[in-house]
Amino acid sequence: MQFTVQEDIQAPINAVFEMVADFERFERMAMRRGIEVRRLSGHMGVVPGTKWQADFTLRGKPRHVEITMAHSDPPAQMRFEAIGKGVGGVTEVDLLALSQRRTRLSVDVTLTAKSLPARLFLQSLRLGKSRFRARFQSRLTEFAREMEERHLHGS
């Protein structure tokens, strides 16, 4: 299953990349949502090979996922690969400078199943894909507005 969302942000590409690469902020956001996140490698900053472990409950079952930054090309791209029980995923984050003060952020997520239960899980996601994509787009839009505010006020 694959879906892509994008949002234009009123901030220069370097500033957007810096905010998207603020992994500590994302770790804190995940923890506030009940996801236990641990950085397995001690790297700070945008370093391919950086790994995280995430534990959370989804549909009443405990889940365990390992996420690795597979590629980075500052300030244009980052790629993350995730491996969980039966499900794998690749997330590509692309930034495109539309002007000196405007950047397009695109997030492409591809999920693959490695087992029958995982295929059934992805099939259920496919059935609600438009709702799932709309919710993800809404969160990206909210995140983009937050990045614009952070850039404008320097926080």
Side-chain angles (χ1 to χ4, degrees), residues 1-58 62-114 118 122 125 129 131-155:
M1 182 173 108
Q2 179 179 12
F3 61 94
T4 303
V5 293
Q6 65 183 28
E7 190 69 32
D8 293 350
I9 301 166
Q10 286 290 115
I13 191 169
N14 288 326
V16 173
F17 186 85
E18 189 176 299
M19 287 183 273
V20 169
D22 186 355
F23 301 132
E24 288 179 1
R25 186 177 186 105
F26 285 106
E27 291 166 5
R28 288 190 304 272
M29 286 170 56
M31 286 185 218
R32 283 194 298 269
R33 287 190 161 92
I35 301 169
E36 186 177 320
V37 180
R38 287 180 300 286
R39 193 179 305 212
L40 299 179
S41 56
H43 298 112
M44 296 309 253
V46 183
V47 181
T50 302
K51 292 184 182 217
W52 294 266
Q53 181 176 314
D55 294 296
F56 54 97
T57 301
L58 180 66
R63 311 289 179 168
H64 173 81
V65 177
E66 284 197 11
I67 303 152
T68 304
M69 175 183 272
H71 174 75
S72 174
D73 181 16
Q77 185 183 58
M78 287 184 275
R79 185 175 69 242
F80 300 90
E81 296 175 356
I83 299 171
K85 184 179 178 187
V87 177
V90 175
T91 300
E92 297 220 13
V93 178
D94 292 302
L95 299 173
L96 175 66
L98 301 174
S99 71
Q100 283 189 328
R101 294 190 180 133
R102 192 161 180 83
T103 303
R104 177 163 292 152
L105 169 63
S106 298
V107 180
D108 181 83
V109 178
T110 304
L111 299 173
T112 55
K114 300 174 184 167
L122 288 185
L125 284 182
K129 184 177 180 178
R131 188 176 66 240
F132 183 74
R133 186 190 175 289
R135 207 163 69 208
F136 193 71
Q137 179 68 55
S138 173
R139 286 209 175 126
L140 184 65
T141 300
E142 183 181 306
F143 179 62
R145 299 301 77 86
E146 179 187 310
M147 283 193 286
E148 288 174 346
E149 284 294 314
R150 286 172 57 199
H151 175 69
L152 186 63
H153 300 296
S155 58

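Atom set for the values below is all heavy atoms of this structure, side chains included, hydrogens, waters and symmetry mates excluded.
- Of all heavy-atom pairs between P12 and T103, the closest is C-OG1, 3.3 Å.
- When all heavy atoms of I9 and A144 are compared, the pair lying nearest together is CG1-CB, 3.6 Å.
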| request: Please lay out, stage by stage, how V5 and R133 fare under the test side chain to side chain contact (heavy atoms under 4.5 Å, CB included). | output: CA-CA 8 Å; V5 293; R133 186 190 175 289; 4.0 Å; yes
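- The residue from V109, D108, T110 that alone fulfils the side chain to side chain contact (heavy atoms under 4.5 Å, CB included) condition with T4 is D108.
- Across every non-hydrogen atom of R63 and L58, the tightest pair is NH2-O, 3.3 Å.
- A salt bridge links R38 with D55; the closest basic N to acidic carboxylate O contact falls under 4.0 Å.
- In this structure, CD in Q6 is found 11.5 Å from CG in L95, a value given to the nearest 0.5 Å.
- Counting heavy atoms of neighbouring residues, nucleotides and ligands inside a 6.0 Å radius, atom CZ of R101 does not exceed 12 of them.
- Shown here is K85, whose NZ atom has no more than 12 heavy atoms of other residues, nucleotides or ligands within 6.0 Å.
- Using a 4.5 Å cut-off on side-chain heavy atoms (C-beta onward), W52 and E27 make contact.
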| request: Begin from the C-alpha positions of E7 and M147 and carry the test side chain to side chain contact (heavy atoms under 4.5 Å, CB included) through to its verdict. | output: CA-CA 11 Å; E7 190 69 32; M147 283 193 286; over 6 Å; no
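- Residues E81 and T68 have side chains that never bring a donor and an acceptor to within less than 3.5 angstrom of each other.
- Side-chain contact between E92 and V90 is present, with heavy atoms from C-beta onward closer than 4.5 Å.
- One finds the CD atom of E148 at 11.0 Å from the CD atom of E146 (value rounded to the nearest 0.5 Å).
- The two residues F23 and R39 come nearest to each other via the heavy atoms CB-NH2, 3.7 Å.
- Taking the six-membered ring for Trp and thresholds of 30 and 60 degrees, F3 and F136 have ring planes more than 60 degrees apart, a perpendicular arrangement.
- Contact check for V65 versus F56: side-chain heavy atoms found under the 4.5 Å cut-off.
- The existence of a salt bridge linking E142 and R145 is excluded, since no basic side-chain nitrogen approaches an acidic carboxylate oxygen closer than 4.0 Å.
- Each of I13, D94, L98, V16 was scored for a side chain to side chain contact (heavy atoms under 4.5 Å, CB included) with R104, with one residue passing: L98.
- Closest of all the heavy-atom pairs between A15 and H151 is CB-ND1, 3.7 Å.
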| Check against salt bridge (charged side-chain N to carboxylate O under 4.0 Å, His left out), D73 and R79 | CA-CA 9 Å; D73 181 16; R79 185 175 69 242; over 6 Å; no
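- By the neighbour-count criterion of 12 heavy atoms within 6.0 Å, atom CD of E18 is sparsely surrounded, having that number or fewer from other residues, nucleotides or ligands.
- In this structure, OG1 on T91 lies 11.5 Å from CE on M69, to the nearest 0.5 angstrom.
- Between S72 and M78 there is a side-chain heavy-atom pair separated by less than 4.5 Å.
- Atom CD1 of I83 is surrounded by 12 or fewer heavy atoms from other residues, nucleotides or ligands within 6.0 Å.
- For the atom pair M19 CE and F17 CZ, the distance stands at 12.0 Å (nearest 0.5 Å).
- No side-chain donor-acceptor contact under 3.5 Å links S138 to the backbone of A134.
- When all heavy atoms of A118 and G86 are compared, the pair lying nearest together is CB-O, 3.0 Å.
- Taken to the nearest 0.5 Å, the CD atom of Q53 stands 5.5 Å off from the CD atom of E66.
- A distance of 11.0 Å separates CG in N14 from CD in Q100, rounded to the nearest 0.5 Å.
- Contact of the V107 side chain with the R139 side chain is not registered, since no non-hydrogen atoms from C-beta on lie closer than 4.5 Å.
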